[in-house]
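Here the structure comes first, spelled out in structure tokens, and everything after it is commentary.
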There are 2 protein chains.
Amino acid sequence: MTQGEAGLRSTRSRPTMREVAALAGVAIKTVSRVFNGVPTVDPAIVARVREAADKLGYRPNLTASSLRRGDGRTATIGMLVEDAANPFSAALTRTVENVARERGVLVLVGSLDENPARERELAQALIDRRVDGLVIVPAGRDQSYLISEQRSGTRMVFVDREAGLLDADAVVSDNRQGAVTAVNHLLGAGHRRIAYLGDRASIPTAAQRFDGYRHALEVAHVECDDRIIRHVGSSEEAAIAATEQVMSLPDPPTALFTSQNLVTIGALRALRALGLQDTVAQVGFDDFPLADILNPGVSVIAQDIEQVGKTAAEMLFRRLDGDESPARTITVPTRLIERGSGEIPAKGPRHD
Amino acid sequence: MTQGEAGLRSTRSRPTMREVAALAGVAIKTVSRVFNGVPTVDPAIVARVREAADKLGYRPNLTASSLRRGDGRTATIGMLVEDAANPFSAALTRTVENVARERGVLVLVGSLDENPARERELAQALIDRRVDGLVIVPAGRDQSYLISEQRSGTRMVFVDREAGLLDADAVVSDNRQGAVTAVNHLLGAGHRRIAYLGDRASIPTAAQRFDGYRHALEVAHVECDDRIIRHVGSSEEAAIAATEQVMSLPDPPTALFTSQNLVTIGALRALRALGLQDTVAQVGFDDFPLADILNPGVSVIAQDIEQVGKTAAEMLFRRLDGDESPARTITVPTRLIERGSGEIPAKGPRHD
DNA sequence: TCTCGCCGAGTCAACGTTGTCTCAACGTTG
DNA sequence: CAACGTTGAGACAACGTTGACTCGGCGAGA
């Protein structure tokens with residue numbers, strides 16, 4: 001490899017304030033003042049410095065700056081979600097990014113895949129980079145490992161689920177009430193045999209939704225039958241299998257409440273495969289794209305993801321602006337979207 | 001506010017190596033050695049340092065470390081996508097994150113919303129934070145503003161579209177060939193009147209897909225009729241309107257090639273509204289969730305997003321590992337997925 | 001005319017870490 | 001036993017920037 005060629009494309013190290021200062025014939029500090037917009041600099045000198053900086057292609061080093069400056073802010077926050085590729089996480093990330101952008105703050109993202117060990121690793125990695133704050137959709141149930149970081153001044157807001165063993169802000173959807181609404185809606189259409197298909201009960205949001213399901217049935221004096229209750233995890237395949245099983249019972253349900261996105265989709269695939277999509281009612285928790293274009297449209301309890309994300313981000317920035325009030329949890333309401341599948345009436349003889 | 005209360009929750013500033021060293025009774029440099037895994041440290045001292053660090057809740061400051069260390073690496077890369085919330089960008093982000101994670105590298109994301117000014121601002125913001133490299137889905141057509149950064153050693157890979165006025169690596173899908181395949185597939189089902197609905201022609205990928213459309217028709221000696229060619233932009237509403245218009249022509253198309261995600265969805269909504277979903281054939285560019293569950297299923301040309309993202313990330317890291325070979329563009333093939341809508345035969349008298 | 005205060009710019013040290021150098025202690029070898 | 005290499009750890013400076021302080025010059029008021 002020729003020296004010349006290497007020289008051409010090689011790393012001519014990035015110019016620093018020192019070089020800009022030398023070219024402009026001023027002190028380094030003056031360059032610093034110019035780039036920080038300090039008003040007590042002679043306009044002629046400002047122009048000279050700017051010109052020198054442009055000529056050299058100078059860009060300030062925020063890394064060095066944040067190390068030196070008093071507040072130590074990096075203008076960067078960390079965001080830990082379940083999976084950057086899933087629609088819920090993606091929408092959440094985008095709303096947080098929007099709020100951050102207004103303040104010149106960038107977002108570092110990490111996917112946890114429901115893995116508590118990964119949550120810890122990535123949270124540490126973010127802290128090692130001295131992010132100003134964290135927005136976390138926790139994978140584990142114990143965030144006590146963050147106590148010392150919290151005490152060291154790292155602000156954090158939890159989303160979708162509250163933090164465990166840690167006193168911190170959180171923004172959550174009203175899972176329980178959403179489930180109650182869903183089940184009441186099905187009860188209102190005359191259904192008395194309503195199956196529950198949802199994520200593992202160990203996941204807090206799933207537990208809350210299941211709780212709402214049970215509560216609504218209880219209030220309506222409808223028996224809760226364990227044979228049509230399945231905590232299947234969050235996979236379409238498992239949901240398909242579970243749906244086939246409950247539908248092949250001697251006394252199958254006339255309606256389904258599917259409490260998680262992939263479970264909803266799995267169930268509706270299974271109903272279609274069985275030709276039951278116009279017979280068995282279904283309400284899902286979480287909206288999804290094209291739910292309205294299916295036939296019938298899929299009725300869902302929709303979370304207000306934008307509201308959740310925006311609220312969380314604003315909360316975080318309030319903390320960063322010095323809000324020291326006690327930690328609190330904000331609950332964002334859900335809303336029922338009627339599209340057809342949830343309005344299929346119970347057929348056959350009424351059981352009441 | 002009482003002093004005591006404020007004291008309890010207030011920022012006790014983060015411990016540094018100095019404090020760990022003091023507590024462990026060693027020099028700062030020794031703490032540094034321990035955390036960098038330098039092998040020539042007495043195991044007893046290692047233990048003492050680790051203990052002191054744990055007691056204080058010490059976490060290394062990567063910001064300071066990257067400032068001081070020779071290579072200046074921050075173990076962070078930047079990723080600029082169209083919109084973190086859309087499925088394409090989200091999937092891309094996730095695959096890049098996966099490759100980065102293996103190397104202990106974190107990803108900063110930014111959404112450009114097809115806005116070239118934003119692209120520039122965000123690229124600068126990333127560079128100011130001294131990211132090791134950039135993965136960019138460019139919004140503008142001119143990336144020459146990055147030449148000086150490239151020369152300063154910031155590595156960059158472009159995705160989905162090549163960089164303009166800049167010599168840089170890129171990973172793109174084979175848009176032209178994908179379009180050719182789509183149109184040939186429709187021709188194969190007997191269609192001779194095939195409409196094109198796509199994004200604005202000023203977007204390079206859209207232009208390539210349109211080019212493929214035209215080329216395939218030309219090869220088949222089928223006339224290209226401007227009245228059934230619409231560059232509508234990327235909105236469902238516009239696609240719906242355009243679909244309604246072309247279908248209400250005296251000589252409407254018997255098949256649609258929709259060359260962008262939202263256009264595909266808009267068109268299929270419109271066909272459904274007109275009751276034509278089983279009559280008019282449709283092939284879309286870009287797969288989307290639930291395309292298989294609709295009736296008929298939607299046939300698409302699917303991009304291999306994982307392959308694109310993975311290739312781009314690996315390319316970037318090869319560059320970071322010192323690869324100085326000339327910049328190149330890697331083209332990833334697309335594939336046709338037959339689900340029904342694209343296999344609807346042309347009815348009525350054959351025109352040939 | 002002298003002093004006071006202010007304005008504009010510079011000097012110096014420090015943020016938390018690591019590269020380079022130095023040095024003491026120890027074991028080996030001819 | 002002296003010369004030597006090796007091993008383990010500390011001293012010092014520096015990365016690029018900014019906070020605290022300093023200082024010269026100039027206009028205003030006594």
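In what follows, every chain begins at residue 1, and chains take the letters A, B, ... in the order their sequences are listed. From a predicted model like this one, the values you see are computed outputs, not experimental measurements.
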Grab the [atom1]-[atom2] distance between [X] and [N] for me, whole Å please.
X: A/Arg59; N: D/dG16; atom1: CZ; atom2: P; value: 17 Å
X: B/Asn36; N: C/dT17; atom1: CG; atom2: C1'; value: 9 Å
X: B/Asp71; N: C/dG19; atom1: CG; atom2: C1'; value: 12 Å
X: A/Lys29; N: C/dT11; atom1: NZ; atom2: P; value: 13 Å
X: A/Asp128; N: C/dG16; atom1: CG; atom2: C1'; value: 13 Å
X: A/Asn61; N: D/dC15; atom1: CG; atom2: P; value: 12 Å
X: A/Arg33; N: D/dT18; atom1: CZ; atom2: P; value: 11 Å
X: A/Arg69; N: D/dT18; atom1: CZ; atom2: P; value: 6 Å

Can you tell me which nucleotide in [options] comes closest to the side chain of [X]?
X: B/Thr16; options: C/dG16, C/dT18, C/dA14; result: C/dG16
X: A/Met17; options: C/dT17, D/dT17, C/dT11; result: D/dT17
X: A/Ala64; options: C/dT17, D/dC15, D/dT17; result: D/dT17
X: A/Val41; options: D/dG16, C/dA9, D/dA13; result: C/dA9
X: A/Val26; options: C/dT17, D/dT17, C/dG10; result: C/dG10

Please determine whether a side-chain nitrogen of the Lys or Arg among [X] and [Y] lies less than 4.0 Å from a carboxylate oxygen of the Asp or Glu.
X: A/Lys55; Y: A/Glu51; answer: no
X: B/Glu162; Y: B/Arg328; answer: no
X: B/Asp321; Y: B/Arg103; answer: yes
X: B/Glu149; Y: B/Arg120; answer: no

Could you give the side-chain donor-acceptor pairs of residues 34-44 of chain B under 3.5 Å, partners two or more places apart or in another chain?
| unit_1 | atom_1 | unit_2 | atom_2 | d |
| --- | --- | --- | --- | --- |
| B/Asn36 | ND2 | B/Ser32 | O | 2.7 |
| B/Asn36 | ND2 | B/Ser32 | OG | 3.4 |
| B/Asp42 | OD1 | B/Ala44 | N | 2.8 |

Review point. Any donor-acceptor pair under 3.5 Å between the side chain of A/Arg130 and the base of C/dG16?
Key: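 Not at all, since no donor on one side and acceptor on the other fall under 3.5 Å apart.
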**Study point:** Any side-chain donor near an acceptor of the partner, B/Ser325 and B/Arg318, under 3.5 Å
**Key:** no
Exercise for review: Please check if any side-chain donor atom of A/Thr76 sits under 3.5 Å from a side-chain acceptor atom of A/Arg129, or the reverse.
Suggested key: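 A/Arg129 and A/Thr76 do not have a side-chain donor-acceptor pair below 3.5 Å.
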Check your understanding: At under 4.0 Å, does any side-chain N or O of A/Thr30 touch on OP1 or OP2 of C/dG10?
Key ->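 A/Thr30 to C/dG10 OP1/OP2: side-chain N or O found under 4.0 Å.
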Exercise for review: Look at the side-chain N and O atoms of A/Ser65 and state whether any lies under 4.0 Å from the OP1 or OP2 oxygen of D/dT18.
Suggested key: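 Result: yes.
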Revision key, fill the gap. Parsed dot-bracket for DNA chain C after applying the Watson-Crick and G-U rules with both distances under 3.5 Å and | for other-strand partners is ||||||||||||||||||||||||||||||
Practice item. Could you check whether A/Ile45 gets within reach of a base, just the sugar-phosphate, or nothing at all, counting any heavy atom under 4.0 Å? Key: sugar-phosphate
Exercise for review: May I ask you to say what B/Tyr58 touches in the nucleic acid, namely base, sugar-phosphate or nothing, with a heavy-atom cut-off under 4.0 Å?
Suggested key: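 Here B/Tyr58 touches the backbone only, sparing every base.
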Review point. Quick one: on DNA chain C, does B/Ser32 or A/Gly25 contact a more 5' nucleotide (nearest heavy atom)?
Key: A/Gly25
Point to revise | Residue pair B/Glu114, B/Arg161: steps toward the salt bridge (charged side-chain N to carboxylate O under 4.0 Å, His left out) verdict | key: CA-CA 12 Å; B/Glu114 297 290 358; B/Arg161 311 167 194 173; 2.8 Å; yes
Exercise for review: Hey, which sits more toward the 5' end of DNA chain D by its nearest nucleotide, A/Phe35 or A/Arg18?
Suggested key: A/Arg18
